[in-house]
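Computed from heavy atoms alone, side chains included, the values below leave out hydrogens, waters and symmetry copies. Note that the numbering runs from 1 along the sequence shown for the chain.
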Amino acid sequence: MNRSGEDLPGEAAAGDGGEPSPVEGPVGPQVPIIPDPPAPGTVPPAGVPFTGRERTRQDPGLRWTWLAIVLAIMAIGVVVTAMGLWQAGSGLIGAGMIVGALMRLSIPTREIGLLRVRGKVFDVLWMLGVGAGIIAMVLARS
């Protein structure tokens with residue numbers, strides 16, 4: 001009961017045997033039920049409003065591929081350097097950076113995935129500069 005002596009919806013009235021009265025009308029705010037978004041790379045079912053980056057990306061798996069290629073070249077360079085061939089290993093690390101720059105330059109921005117850090121011009125110039133600097137250091141020490 002509230003202060004005015006009226007029964008609240010859902011409370012048992014005094015003397016009805018403890019049965020709650022049915023609740024009439026909406027109890028809480030009317031919140032529409034929104035379905036979960038579909039898994040990445042899948043097409044949403046009909047009627048599901050979904051606007052995400054997955055709608056524009058053809059293959060979400062390619063996000064890792066380009067970076068994995070660059071990292072594999074550089075990892076081989078690190079292993080070769082650890083074996084004592086620092087010039088060959090450092091040359092591979094520099095070459096990996098240049099390969100990354102060429103990928104960033106040639107592959108469209110929406111498909112480049114994790115090689116995208118800043119704008120295209122900045123990414124390409126930075127990777128080319130670092131790669132060329134490493135190779136220039138190797139050639140100067142030869």
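Atom CD1 of I107 is separated from atom CG of L102 by 10.0 Å, given to the nearest 0.5 angstrom.
The two atoms that bring A132 and I98 nearest to each other are N-CD1, 4.1 Å, heavy atoms only. Minimum interatomic distance between M127 and G100 (heavy atoms only, all atoms of both residues): CE-O, 3.5 Å. M97 and G131 get closest at one heavy-atom pair: CB-CA, 3.7 Å. What you find for A88 and V80 is that their closest heavy atoms are CB-CG1, 4.0 Å.
Partner of I93 under the side chain to side chain contact (heavy atoms under 4.5 Å, CB included) criterion, out of I76, V78, V138: V78 alone.
M74 and I134 fall within a single hydrophobic cluster, where Ile, Leu, Val, Met, Phe, Trp and Tyr are joined by side-chain heavy atoms under 4.5 Å apart, directly or via other members. The cluster map of Ile, Leu, Val, Met, Phe, Trp and Tyr, joined by side-chain heavy atoms under 4.5 Å apart, puts I69 and I112 in the same cluster. Linking Ile, Leu, Val, Met, Phe, Trp and Tyr whenever their side-chain heavy atoms come within less than 4.5 Å puts I73 and V70 in one cluster. By the rule that hydrophobic residues join a cluster once side-chain heavy atoms approach within less than 4.5 Å of another member, V99 and I135 end up as members of separate clusters. There is no path of hydrophobic side-chain contacts, each under 4.5 Å, that joins V130 to W86.
In this structure a side-chain-to-backbone donor-acceptor pair under 3.5 Å is missing from D123 to R116.
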Inset, instruction - Starting from the C-alpha separation in whole Å, work towards a yes-or-no answer on side-chain contact (heavy atoms from CB on, under 4.5 Å) for T109 and R104. - result: CA-CA 8 Å; T109 300; R104 180 70 172 105; 3.6 Å; yes
